[in-house]
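Below: the structure, in C-alpha cells.
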Amino acid sequence: MKFGTKAIHAGVEPDPSTGAIMTPIYQTSTYVQASPGDHKGYEYARTQNPTRTALESSLAALENGQFATAFGSGMAAVDAIIKSLRPGDEVISTNDLYGGSYRIFTKVFEPYGIKFHFVDLSNTENLSSLINDNTKMIWLETPTNPLIRIIDVEAVVNIAKPRGIKVVVDNTFASPYLQNPLDLGADIVMHSITKYIAGHSDVVMGCVVTNDEAFHQQIRFIQNAVGAVPGPQDCFLVLRGIKTLHLRMRAHCENGAKVAHFLKSHPKVSHVYWPGFEDAPGHEVAKRQMRDFGGMLSFTLKGDQMDDALKVLEGTSLFSLAESLGGVESLIGHPASMTHASIPKEEREKSGLSDTLIRLSVGVEDAEDLLEDLAKALDKV
Ligand SMILES: *Cc1c(COP(=O)(O)O)cnc(C)c1O
C-alpha cells in the first residue's frame with residue numbers, strides 16, 4: 001500500500017458497535033468485566049484504550065514497523081527508550097541534538113549512571129573511536145536540528161549492527177512521509193508527534209516504533225509501569241491529522257524549496273542550511289534516504305549581528321515567533337535562546353550553532369505570501 005492510502009486507512013476500522021467510520025473517542029478510564037479476568041481485551045485505560053490502539057496501528061504502518069507505542073509527549077517517548085538501558089551503559093548521539101533530548105540525557109539520566117557522548121555524526125568516522133563494550137545505543141536525528149545536517153542512517157547501521165548496538169532515529173524532522181529509518185536498518189524510530197504527524201499545533205504527543213518484538217514488549221512494560229500515556233481525545237486528533245499527512249508534507253516541501261531558494265539569493269543572507277541545494281553537504285545522502293527535502297531550514301545574516309537577527313525574528317507577521325515546528329502555519333525561531341537554550345553556549349558553538357542562527361518551519365500557506373513576509377522582515381535589516 002502506498003503512503004497516502006496508508007495515512008487514510010491503516011490501523012483504523014469502522015467501530016464494531018456502531019459502524020462509525022471514524023474511531024470514537026473512548027473517554028473511559030476502565031472497562032466492565034463479565035467475571036474476573038473475562039474482558040474484551042481492555043482492563044484499565046493506562047494499559048489500553050481503543051482510540052490509542054487505533055492510533056498505534058496507524059503509526060506502525062506509516063513507519064513500516066510492526067509495533068508502535070504512543071506516549072503523552074515526545075519527551076516521554078525518549079524517556080521510555082532510555083529507561084530500557086542500565087547503569088554503566090553508554091549512548092553515542094549527535095552534537096546538534098534537540099535541546100530537550102540533550103537535557104534529559106545529561107540532567108536526568110547521567111546521574112543514574114548512563115553515559116552519553118555527543119559527536120558530529122554527519123561524519124560517521126567519528127563513531128569508531130567512541131564505541132566500546134558498554135556502547136548500547138546510537139541516537140541520531142536526521143535532518144538535525146537546527147543545522148539541518150544529514151546523517152547517513154545506513155552507514156551508522158553498518159557500524160552498529162555487527163556490534164549489537166541499537167540504532168535509534170528521532171524521525172520528527174523528516175516525518176514518516178519523507179523517511180522510514182526502519183527500512184534503512186535502524187532498530188527504533190521515535191517521533192515527537194506534536195510536530196508534523198499531528199500537524200495542527202494542537203496536541204503534544206510522542207511515539208516509539210520498532211520491528212523488534214522483545215524491545216517492543218520492554219517499551220510496553222515501561223509505558224504501563226510509568227504511565228506517560230496520551231489521552232483518547234488527543235489520540236483522535238492525531239488520527240485526524242494523519243489523514244492529511246501526505247498532502248501537508250508535499251506542500252511543506254514545495255514551500256520549503258521556494259523559501260530556501262529565495263533566501264539563498266537574498267543579498268542580506270549569508271548562509272542557508274537546507275539539504276535540497278545540490279552543493280549542501282548532505283545532499284546526496286538526503287536524496288538517497290529521503291523522499292524530498294522538507295520544510296525545515298535555517299539561515300544566518302551577513303555581518304552576523306544579533307540586532308539584525310532580532311529585526312528579522314520580530315519583523316515577520318505570517319511567520320509567528322514560537323517554539324515548535326511542523327504545523328500548518330509557518331513559524332520562525334531563534335534556536336540559541338529558544339529550542340536549544342538548554343544546551344550550554346560552548347557546546348552550541350562547538351557544534352556550529354551560532355547565536356544569530358534563525359530557524360524556519362515553513363508552513364502550508366501560499367508561498368507568495370510567505371516570501372513577501374520574509375522580504376519585508378529582511379528589509380528592516
Ligand atoms: C519537539 C521535539 C522533541 C520533543 O517532543 P515533545 O512532543 O515536545 O515532548 C524531540 N525531538 C525533536 C526533534 C523535537 O523536535
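One-based numbering, in listed order, for ligands and for the atoms of each.
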- Item | Best match, Met205, Lys195, Met296, His191: closest heavy atom to atom 2 (C) of ligand 1 |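 Shortest heavy-atom distance from atom 2 (C) of ligand 1: Lys195.
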
- [ ] Only counting residues at least two apart or in another chain, list the ones meeting side chain to side chain contact (heavy atoms under 4.5 Å, CB included) with Pro232.
- [x]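 Scan of Pro232 (side chain to side chain contact (heavy atoms under 4.5 Å, CB included), adjacent residues dropped) gives Ile25, Gln27, Asn49, Thr51.
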
The complete set of side-chain hydrogen bond (donor to acceptor under 3.5 Å, both in side chains) pairs with one or both residues in residues 372-381, sequence neighbours excluded, reads Ser317-Asp373

Ile193 touching ligand 1 at heavy-atom level, < 4.0 angstrom: no

**Message:** If you count heavy atoms of other groups shown closer than 6.0 angstrom to CZ of Arg103, is the number above 12?
**Reply:**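 Open.
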
At a 4.0 Å threshold, what atoms of ligand 1 neighbour a non-hydrogen atom of Asp170?
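Matching atoms, with element in brackets: 10 (C), 11 (N), 12 (C), 13 (C).
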
Using distance alone, determine whether [X] and ligand 1 share an N or O pair under 3.5 Å.
X	answer
Thr194	yes
Val204	no
Gly74	yes
Glu141	no

Which residue and non-hydrogen atom of the protein lie closest to atom 5 (O) of ligand 1, and at what distance in Å?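 That would be Ser192 OG, 3.0 Å.
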
**Prompt:** Which residue supplies the protein heavy atom nearest to atom 10 (C) of ligand 1, what is that atom called, and how far is it?
**Reply:**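 Minimum-distance protein heavy atom for atom 10 (C) of ligand 1 reads Tyr98 CD2, 3.4 Å.
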
Pair Asp279 + Lys264: basic N to acidic O under 4.0 Å: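 Salt bridge present between Asp279 and Lys264.
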
Fill in: Side-chain ion pair, Lys166 and Asp212, N-O less than 4.0 Å
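Yes.
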
Would you confirm whether the ring centroid of His266 sits within less than 6.0 angstrom of the ring centroid of Phe299?
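Ring centroids of Phe299 and His266 are no less than 6.0 Å from each other.
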
How about Phe109 and Phe116: are their ring centroids closer than 6.0 Å?
no

One residue to check: Leu325. Relative to ligand 1, which of side chain, backbone, both or neither has a non-hydrogen atom less than 4.0 Å away?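 The part of Leu325 near ligand 1 is the side chain, not the backbone.
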
